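See below for the structure under consideration.
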Amino acid sequence: MLTESEAVALQEALRQRVVSEDVFTAPVRFIAGADVEYDKHRDLIAGAIVLLDAKTKAVVEVATHVMPAPFPYVPGLFSFREMPPLLAAYRQLRQTPDVLICDGHGLAHPRRFGLACHIGVELNIPTIGCGKTRLTGYYQDLAPERGATTPLTDEATGEILGQVVRTQTGINPVFVSVGHRIGLASAVELVLAMSESVRLPETTRQADAYARQAWLAAIG
DNA sequence: GCGACAG
DNA sequence: ATCTTGTCGC
């Protein structure tokens with residue numbers, strides 16, 4: 001297994017390949033979601049990739065993969081734990097998504113290389129990071145209405161790492177950042193489009209449900 | 001040294 | 001991620 005310092009070195013090298021501008025086919029027709037399921041008592045991790053019709057939000061394809069956890073949970077080294085089962089699931093897809101929304105951050109990461117960037121660079125596909133809580137960066141108060149956004153910034157450099165996005169009025173926001181081959185504005189637009197009446201994008205919700213199902217089937 | 005820390 | 005019920009508020 002990779003050591004932590006080797007993982008950090010790999011991030012520093014791969015981050016150079018991230019493309020943070022729109023390089024994808026628009027309008028988006030097939031949009032994918034990725035999520036994993038596990039618990040702290042077992043060494044098993046289940047990953048799921050779902051493909052949705054962007055217009056109807058109907059699930060058109062699902063792929064899952066269960067395997068022993070390849071790496072422990074370490075904040076900042078998240079992708080080394082969650083990416084392997086997701087890549088295995090992704091390889092089973094028949095269709096290629098126009099963009100993939102990940103359950104975790106992209107550039108909004110201490111070394112600017114979160115899960116969404118890692119998967120995007122590894123598969124060379126457009127990816128978006130959409131996390132439920134903050135990992136790094138600071139932000140100002142956010143208006144309570146759905147659609148409100150405020151930048152997530154690095155206080156030291158002023159660099160914009162992502163956008164804090166209110167997908168539902170009066171509900172905790174989500175943290176959107178660039179994964180690969182997409183600009184931040186498009187990333188926010190797609191996350192909002194996939195969250196018309198729910199907090200998390202429909203892609204993430206479906207991926208979560210299928211990952212949980214695969215995990216439950218695996219542990220019996 | 002102390003606090004923070006995606007899932 | 002998970003441990004975990006009822007309860008407050010729109």
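The basis for the numbers below is simple: all heavy atoms, side chains too, and nothing from hydrogens, waters or symmetry mates. Not measured: the values here are computed from a predicted model.
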Find the distance A/D208:CG to C/dA1:C1' and express it as a whole number of Å.
11 Å

Rounded distance in Å - CE (A/M83) to C1' (B/dA6)
15 Å

Spacing of A/R134 atom CZ relative to B/dG7 atom P, expressed in whole Å:
12 Å

Applying a 4.0 Å non-hydrogen cut-off, can you work out what A/I171 is touching in the nucleic acid: base, sugar-phosphate, or nothing?
nothing

So what does A/H41 touch, heavy atoms closer than 4.0 Å: a base, only the sugar-phosphate, or nothing?
nothing

Taking all atoms of both residues into account, what is the closest heavy-atom pair of A/G106 and A/A116, and its distance?
CA-CB, 3.8 Å

For DNA chain C, produce a single dot-bracket line, 5' to 3'. Pairs: Watson-Crick or G-U wobble, both distances under 3.5 Å. Symbols: ( ) within strand, [ ] crossing, | other strand, . unpaired.
..........

Does A/L86 offer a backbone N or O that forms a donor-acceptor pair with the side chain of A/H65 under 3.5 Å?
no

Rounded to whole Å, the CG-P distance (A/D35 to B/dA6) equals 15 Å

OH of A/Y138 versus C1' of B/dG3: gap in Å, rounded?
10 Å

Is it true that A/R212 and A/D35 make a salt bridge, defined as a side-chain N closer than 4.0 Å to a carboxylate O?
no

More than 12 non-hydrogen atoms from neighbouring residues, nucleotides or ligands closer than 6.0 Å to CD on A/E21, yes or no?
no

Is any side-chain N or O of A/K40 closer than 4.0 Å to OP1 or OP2 of B/dG7?
no

Please answer whether the main-chain N or O of A/S195 pairs with a side-chain N or O of A/R146 as donor and acceptor at a distance below 3.5 Å.
yes

Donor-acceptor contact below 3.5 Å, side chain A/E82 vs main chain A/V36
no

Just the rounded figure in Å: distance from C1' of B/dA4 to CG of A/L135.
9 Å

In whole angstroms, the gap separating C1' of C/dA1 from CD of A/E82 amounts to 9 Å

So, is A/K132 close to the B/dG7 phosphate, meaning a side-chain N or O under 4.0 Å from OP1 or OP2?
yes

Below the 4.0 Å mark, does B/dG7 have OP1 or OP2 next to a side-chain nitrogen or oxygen of A/T133?
yes

Within the structure shown, what part of the strands sits under 4.0 Å from A/G129 by heavy-atom distance: base, sugar-phosphate, or nothing?
nothing

My understanding is that only residues two or more places apart in sequence, or in another chain, count here; which of them pass side chain to side chain contact (heavy atoms under 4.5 Å, CB included) with A/I219?
A/R42, A/L44, A/W215, A/L216

Please report the distance, rounded to the nearest Å, between NE2 in A/H105 and P in B/dA4.
17 Å

Does the side-chain ring of A/Y73 lie flat on the base of B/dG7, meaning centres under 5.5 Å and planes less than 30 degrees apart?
yes

